[in-house]
Amino acid sequence: SSTMSFSEAEVQSARGAWEKIYVDAEDNGTTVLVRMFTEHSHTKSYFTHFKGMDSAEEMKQSDQVRGHGKRVFTAINDMVQHLDNSEAFLGVVSPLGKKHATQLKIDPKNFRIICDIILQLMEEKFGGDCKASFEKVTNEICAHLNNIYKEAGW
């Protein structure tokens, strides 16, 4: 369904949780990607320019990894700003989903992987409450992305 059911309190606590990690968008975005590439090495195959990088250290230093990490966090930030407005939220999620489905052909399972790593990082840095307040947002993002993929014929 395209309607989102976040209470005002949920929106506020999700934004509060996100703020903490978004303050260091580039570093935290990089950490998330490096973790994904090292723990789920098949995800590297989508990024031709990351393929040759084997060490986490090398990835952390890469401008391309850092740039993409920041882009991922910026996109999520745009979604977080629109949790109280389904239409605007979909306006961010839809083109992103379509591009990843049709042009980039990224397996949608990878969105769940990246969201889980973000939650894990939130918990490590800011505790379980922080993670808990953001969990529903990641479920919502993944559900919408999966719908867009279905529409795109996945």
Side-chain angles (χ1 to χ4, degrees), residues 1-7 9-47 50 56 59-60 64-152 154:
S1 78
S2 63
T3 53
M4 292 191 299
S5 50
F6 285 96
S7 69
E10 286 174 324
V11 170
Q12 292 315 318
S13 74
R15 283 187 182 150
W18 176 249
E19 268 308 296
K20 291 180 179 165
I21 200 161
Y22 187 64
V23 168
D24 296 309
E26 189 174 316
D27 281 344
N28 287 326
T30 301
T31 299
V32 167
L33 281 189
V34 169
R35 230 177 245 195
M36 178 173 79
F37 293 148
T38 48
E39 293 170 12
H40 306 269
S41 54
H42 69 276
T43 58
K44 261 197 332 193
S45 64
Y46 293 108
F47 296 89
F50 303 167
M59 290 179 212
K60 276 189 194 110
Q64 281 149 325
V65 175
R66 298 190 71 78
H68 196 73
K70 190 166 189 200
R71 269 201 301 283
V72 168
F73 267 51
T74 303
I76 294 173
N77 191 56
D78 291 343
M79 296 171 200
V80 170
Q81 300 320 310
H82 298 307
L83 292 176
D84 42 13
N85 179 341
S86 307
E87 222 168 299
F89 179 88
L90 284 172
V92 178
V93 180
S94 296
L96 191 95
K98 282 196 185 90
K99 183 183 180 187
H100 282 75
T102 58
Q103 287 172 33
L104 305 169
K105 310 235 188 295
I106 307 284
D107 187 321
K109 285 193 206 66
N110 295 322
F111 294 117
R112 187 69 258 173
I113 292 174
I114 215 165
C115 282
D116 287 343
I117 295 171
I118 289 170
L119 292 173
Q120 188 184 39
L121 189 63
M122 280 181 157
E123 186 167 33
E124 284 164 21
K125 287 183 169 244
F126 311 109
D129 287 350
C130 181
K131 176 193 170 182
S133 7
F134 204 67
E135 216 148 357
K136 187 172 175 180
V137 176
T138 64
N139 294 340
E140 203 65 50
I141 291 171
C142 290
H144 284 289
L145 284 166
N146 285 329
N147 288 339
I148 293 158
Y149 267 72
K150 280 195 194 93
E151 286 164 20
W154 267 71

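- Residues Pro108 and Leu145 have side chains not in contact (no heavy-atom distance under 4.5 Å, counting atoms from C-beta outward).
- Within the 3.5 Å criterion, the main-chain N or O of Gly91 finds no donor-acceptor partner in the side chain of Ser94.
- Residue pairs meeting the salt bridge (Lys or Arg N to Asp or Glu O under 4.0 Å) criterion with at least one partner in residues 12-24, sequence neighbours excluded, are Arg15-Asp84.
- Taking the six-membered ring where the residue is Trp, Phe47 and Phe37 present perpendicular rings, their angle passing 60° and hence far from 30°.
- Applying the side chain to side chain contact (heavy atoms under 4.5 Å, CB included) criterion to Val72, with sequence neighbours excluded, gives His68, Ile76, Ile114.
- What you find for Phe6 and Glu10 is that their closest heavy atoms are CA-OE1, 3.3 Å.
- Note on ring orientation: taking the six-membered ring where Trp is involved, the planes of Phe73 and Trp18 are tilted (angle from 30° to 60°).
- For Arg112, the salt bridge (charged side-chain N to carboxylate O under 4.0 Å, His left out) partners two or more places apart in sequence, or in a different chain, are Asp116.
- A donor-acceptor contact under 3.5 angstrom links the side chains of Gln81 and Asn77, judged on distance only.
- Applying the side-chain hydrogen bond (donor to acceptor under 3.5 Å, both in side chains) criterion to Arg66, with sequence neighbours excluded, gives Glu26, Asp27.
- For Glu39, the salt bridge (charged side-chain N to carboxylate O under 4.0 Å, His left out) test picks out no residue, with sequence neighbours left out.
- Lys70 is linked by a salt bridge (charged side-chain N to carboxylate O under 4.0 Å, His left out) to nothing, counting only residues two or more places apart in sequence or in another chain.
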